[in-house]
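In what follows, every heavy atom counts, from backbone to side chain, and hydrogens, waters and symmetry copies are set aside. We count ligands from 1, going down the list as the structure has it; atoms in each ligand are counted the same way.
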Amino acid sequence: MTALTEAPASARLGFGARFTRHMVLSRWTPESGWSPLELAPHAALELSPAAMALHYGQAVFEGLKAYPRRDGSLALFRPDVNAERFNRSAERLAMPHLPVERFTEACEVVVRADAGEVPQGPGQSLYLRPFMIAVEPSLGVRPSREYLFAVIASPVDYFFADGYQAIDVWCAPDHIRAAPGGTGAAKCAGNYAGSLAAKAEALARGCHEVLWLDAREHRWVEELGAMNFFCVTRDKAGGPVLATPRLSGTILAGNTRGSLIELASALGIPTVQRPISLEELTAGDGRVTEAFACGTAASVVPIGAVTTSSGRSVIADGRPGEVTTRLRDELAAIQYGDRDDRFGWMHTVSVP
Ligand code: PLP
Ligand code: COI
């Protein structure tokens, strides 16, 4: 069985529904900086009801996975990329930096402590959720003077219940995820709270996710749910070309996005970072041959159709495309150790 053969529905873990036995904690104050990492049982946190994160949303998080590899080792996928983004998010929310090595070490400590709970089935992995919240008890509207950093872990497989299927997406006419100057490029809790009403609307319309457009013109594709967006077109010779929106400040710089651009290039598929309009995507003129979304939690997800207030447009034949499937398989092969780690992306945490 390859890493991506689907498990029977009864054996699926889903996403983020269960947690391992441990977590790692560290606290920050201006006087002492970060306290040493502490491994603790995964349990409820003691928090003042006045903790600032609860009121003003000073909270940032990350998502990365530890993969069970063919040789029996466990490895994190590019944790340094997540650590650096964590600090950019923290900066945007006026929170303190966490040294990159400390971030990675915290992830390693949890993976080692709960190595026996890393699921080994096809498409399964251990999803790590590092986060930082403002814990000072105060109702003052200003940056907190105390923070808690923690890493929890969740054994996962498919983000979408249907497994690897093309999804339908809803392009909400009146919801915006991010605006210039806002927090769209940060992985902060409030961005996700603000997306939930549109997501509920998408589900009510029989779609899986929301296709987010730009705030100014409501015309340019930015992201898809909590994932980055790509489409495939053809060059003059008929070869595939990937397109994805440029990181303009309103889009989260996905680890998967950056990795797929590098991977595609090594496979001879160029990527153009350019504006992609909703008209282009839904024209049905054959120019867009595939579209997909990507992120840590869901990996690579084919997009089958886009629904707007004026109707449903099927992308190409509505099924997972060849380039989409190849990129997904190649990435998984590196992550699960079925293929050489030629980019040096895997960070080994434990060996058998
Ligand atoms: N865009 C948003 C808004 C996200 O929340 C995520 C998930 O982290 C992504 C894109 C994909 O990023 P990554 O590939 O680093 O998981
Ligand atoms: C991820 O892809 O890692 C995410 O964090 C997306 C979502 C679960 C918030």
Pairs under 3.5 Å, N/O atoms on ligand 2 and on the protein: can you put them in a table with the distances?
| from | atom 1 | to | atom 2 | distance (Å) |
| --- | --- | --- | --- | --- |
| ligand 2 | 2 (O) | Thr296 | N | 3.3 |
| ligand 2 | 2 (O) | Ala297 | N | 2.9 |
| ligand 2 | 3 (O) | Tyr127 | OH | 2.9 |
| ligand 2 | 5 (O) | Tyr127 | OH | 3.0 |
| ligand 2 | 5 (O) | Lys187 | NZ | 2.9 |

- Is it possible for you to check whether Arg27 lies under 6.0 Å from the centre of the six-membered ring of Tyr147, through NZ or CZ, and within 45° of that ring's axis? no

Give the table of side-chain donor-acceptor pairs shorter than 3.5 Å for residues 188-203, with sequence neighbours excluded, one pair per line with atom names and distance.
| from | atom 1 | to | atom 2 | distance (Å) |
| --- | --- | --- | --- | --- |
| Asn191 | OD1 | Thr183 | OG1 | 2.7 |
| Asn191 | ND2 | Thr183 | O | 2.9 |
| Asn191 | ND2 | Ala186 | O | 2.9 |
| Tyr192 | OH | Lys187 | NZ | 3.2 |
| Ser195 | OG | Tyr192 | O | 2.7 |
| Lys199 | NZ | Glu209 | OE2 | 3.1 |
| Glu201 | OE1 | Trp170 | NE1 | 2.8 |

- Item | Sequence-distant partners of Glu136, salt bridge (Lys or Arg N to Asp or Glu O under 4.0 Å), two or more places apart | Arg142, Arg145

- Task: Step through it carefully: locate the ring centre of Phe86, locate the ring centre of Phe149, and say whether they are under 6.0 Å apart.
- Result: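 Aromatic pair counts; centres sit under 6.0 Å.
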
- Item | Proximity of Trp345 and Phe77 rings by center, below 6.0 Å |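 Yes: the rings meet the under 6.0 Å criterion.
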
Side chain of [X], backbone of [Y]: donor and acceptor closer than 3.5 Å?
X     : Y     : answer
Asn82 : Leu64 : no
Gln58 : Ala94 : yes
Asn87 : His97 : no

- Within the heavy-atom cut-off of under 4.0 Å, ligand 1 is lined by Arg85, Arg177, Lys187, Tyr192, Glu223, Ala226, Met227, Asn228, Leu252, Gly254, Asn255, Thr256, Cys294, Gly295, Thr296

- Query: Applying the side-chain contact (heavy atoms from CB on, under 4.5 Å) test to Pro68, which of Gln335, Gln120, Gln124 qualifies?
  - Reply: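 Going through the options one by one, the only one that passes is Gln120.
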
